Amino acid sequence: RVIGMARENLAGLDGVEFIAGDVKNVADTRRAVEEADIVVYGVNPSYDKWDRGRAEGMLARVLLALRGSGKTLMFPGNIYNYGARQHVIRPGTEQRPHREKGEIRKRMELQLQEASGEGLQVLIIRMGDFFGPGAGGTMLEKMIMQRARSNVLQYGGDLSIRHSWAYLPDAARAFVRVAGVRKELPPFRNFHFAGHFVSGRQLVEGVQAVMPGRARVAGVPWKMMRFIGVFVPLLREVVRMKYLWDEPHRLEDGEMEELLGSDFGTPFHEAIALSARSCLAE
């Protein structure tokens with residue numbers, strides 16, 4: 001049984017019982033999670049509105065609603081917590097954020113760790129950039145394939161540099177697998193989901209393979225975006241995270257790999273083909 005709480009109806013999510021509510025209201029959250037054993041945190045303010053305590057404030061209210069409940073909170077982590085030169089990222093790697101967003105995410109994970117053990121289990125699963133069929137708002141859709149109808153693919157960095165990607169159907173299955181062994185885990189645990197660590201060239205070739213014509217590859221106009229970002233806060237924040245395209249950041253976790261098994265996951269060529277076709281069909 002799956003319950004989804006949001007301010008507006010979660011249209012298109014088959015099998016999800018919708019409950020109207022706002023995480024800013026602790027009573028709403030308590031009502032929504034009352035019959036749940038596992039709570040998945042899928043909350044974020046707009047990309048340009050993480051500051052002024054907004055992202056941390058949302059999490060604090062959810063933790064207030066969950067403390068002492070005996071439930072498991074599953075939190076999707078990202079790699080913002082780590083610096084530009086931290087190329088291999090394991091669960092025990094020191095978090096040295098490179099930008100303000102990373103500092104915010106680091107503080108949020110400290111909030112989670114402090115709340116764990118107080119009648120609440122917290123399991124973080126860290127992932128790279130999301131992509132998948134029907135997944136809106138991803139870098140694949142908003143950046144790389146933004147000009148695909150004009151037979152142009154935009155890539156944010158050097159095509160030889162590898163980048164970590166999390167195919168959403170596989171990521172969901174990883175969450176389910178971890179949830180299944182939650183009773184064997186400690187009150188707080190940080191997992192890293194390796195996903196696909198591929199070069200920009202591998203990615204664009206995977207997209208080109210399903211396009212009707214041979215698309216050319218162009219760079220992202222970062223200088224123009226930086227200028228426009230003076231007036232458009234969302235673009236400003238995207239440019240600030242450009243370092244993620246300039247350096248390889250690989251997620252590793254031997255225990256997670258053992259839990260998932262050697263045959264886990266969709267081959268990259270299949271995953272990118274399905275995702276690219278979905279973008280082209282929209």
Side-chain angles (χ1 to χ4, degrees), residues 2-5 13 16 23 33 36-44 50 55-56 58-59 62-63 66 69 71-82 86 88-95 97 101-102 104-117 120-132 135 137-140 163-198 244 249-266 268 271 275:
V2 180
I3 298 168
M5 186 189 86
L13 292 179
V16 177
V23 292
V33 305
D37 297 316
I38 299 168
V39 179
V40 179
Y41 191 89
V43 181
N44 260 324
W50 287 27
E56 294 157 81
M58 287 180 172
L59 178 58
V62 171
L63 291 175
L66 294 178
S69 66
K71 301 180 188 299
T72 296
L73 175 64
M74 302 189 76
F75 184 91
N78 62 26
I79 63 172
Y80 291 6
N81 310 48
Y82 301 90
Q86 293 182 279
V88 179
I89 303 170
R90 302 183 178 94
T93 301
E94 179 187 358
Q95 296 188 3
K101 274 186 167 47
I104 291 170
R105 294 290 291 206
K106 181 179 179 180
R107 291 196 298 268
M108 290 174 71
E109 290 190 17
L110 285 173
Q111 286 177 269
L112 289 163
Q113 188 167 8
E114 290 170 1
S116 66
L120 177 67
Q121 182 184 50
V122 175
L123 304 175
I124 296 173
I125 300 182
R126 195 176 313 284
M127 296 167 283
D129 257 317
F130 295 141
F131 75 110
T138 66
M139 282 296 179
L140 178 67
H163 191 80
S164 287
W165 295 90
Y167 183 55
L168 279 169
D170 289 345
R173 286 189 283 269
F175 267 73
V176 172
R177 190 75 60 88
V178 171
V181 298
R182 66 190 185 281
K183 293 181 181 179
E184 303 168 23
L185 299 173
F188 179 81
R189 181 64 189 270
N190 171 24
F191 288 97
H192 285 190
F193 176 68
H196 296 286
F197 185 59
V198 297
L244 293 171
H249 299 89
R250 182 172 190 163
L251 292 164
E252 291 187 355
D253 186 344
E255 291 188 37
M256 181 67 156
E257 288 182 13
E258 186 177 345
L259 174 62
L260 297 179
S262 59
D263 59 344
F264 183 88
T266 306
F268 182 71
S275 303

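Predicted model, so just to flag it, every value in this text is computed and none were measured.
- Nearest heavy-atom pair, Ala55 versus Ile104, reported as atom, atom and distance to 0.1 Å: CB-CG2, 4.0 Å.
- Checked by atom type and distance alone, the side chain of Tyr167 never pairs as donor or acceptor with a backbone atom of Ser275 at under 3.5 Å.
- Using a 4.5 Å cut-off on side-chain heavy atoms (C-beta onward), His163 and Met139 make no contact.
- Remark: Met256 CE to Leu251 CG distance equals 10.0 Å, nearest 0.5 Å.
- For CD of Glu252, the number of neighbouring non-hydrogen atoms (other residues, nucleotides, ligands) closer than 6.0 Å is greater than 12.
- For the pair Ala166 and Met127, the tightest heavy-atom approach, listed with the atom from each and the gap, is CB-CB, 3.8 Å.
- Results of the side-chain contact (heavy atoms from CB on, under 4.5 Å) test with Trp50 over Arg105, Met108, Met58 single out Arg105 as the only residue that passes.
- Just one residue in the list Thr72, Ile124, Ile125, Ile38 forms a side-chain contact (heavy atoms from CB on, under 4.5 Å) with Val178, and that residue is Ile125.
- If you take CG on Asp253 and CG on Asn190, they are separated by 7.5 Å, rounding to the nearest 0.5 Å.
- Annotation: the span from Tyr41 atom OH to Leu112 atom CG amounts to 8.0 Å, rounded to 0.5 Å.
- Within the 3.5 Å criterion, the main-chain N or O of Tyr80 finds no donor-acceptor partner in the side chain of Lys101.
- When the options Leu66, Leu123, Val33 are evaluated for a side-chain contact (heavy atoms from CB on, under 4.5 Å) with Leu73, the one that passes is Leu66.
- The side chain to side chain donor-acceptor pair (under 3.5 Å) test applied to Ser116 returns no partner, not counting sequence neighbours.
- The minimum heavy-atom distance linking Ala174 with Phe264 is given by the pair N-CZ, 3.7 Å.
- For Arg126 (side chain) and Asn78 (main-chain N/O), a donor-acceptor pair under 3.5 Å exists by modelled atom type.
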* To do: Decide side chain to side chain contact (heavy atoms under 4.5 Å, CB included) for Leu120 and Leu63; before the verdict, give the C-alpha distance in whole Å, the side-chain angles of both, and the deciding distance to 0.1 Å.
  => CA-CA 9 Å; Leu120 177 67; Leu63 291 175; 3.9 Å; yes
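- Between Gln111 and Phe75 the shortest side-chain heavy-atom distance does not fall below 4.5 Å.
- Going from atom CZ of Arg90 over to atom CZ of Arg250 covers 9.5 Å, rounded to the nearest 0.5 Å.
- Legend: salt bridge (charged side-chain N to carboxylate O under 4.0 Å, His left out) pairs involving residues 170-183, not counting sequence neighbours, sorted by first then second residue: Asp170-Arg173.
- Results of the side chain to side chain donor-acceptor pair (under 3.5 Å) test with Asn81 over Glu94, Lys106, Arg107, Gln95 single out Gln95 as the only residue that passes.
- Across all non-hydrogen atoms, the minimal contact from His196 to Ala271 is NE2-CB, 4.5 Å.
- The aromatic rings of Phe131 and Trp165 sit perpendicular, their planes meeting at an angle over 60°, well past the 30° parallel limit.
- Counting all heavy atoms, side chain and backbone alike, Val16 lies closest to Gly4 at CG1-N, 3.5 Å.
- In this structure, the side-chain contact (heavy atoms from CB on, under 4.5 Å) partners of Ala135, at least two apart in sequence or on a different chain, are Thr138, Leu168.
- For the residue pair Pro186 and Gln121, the shortest heavy atom distance occurs at O-NE2, 3.1 Å.
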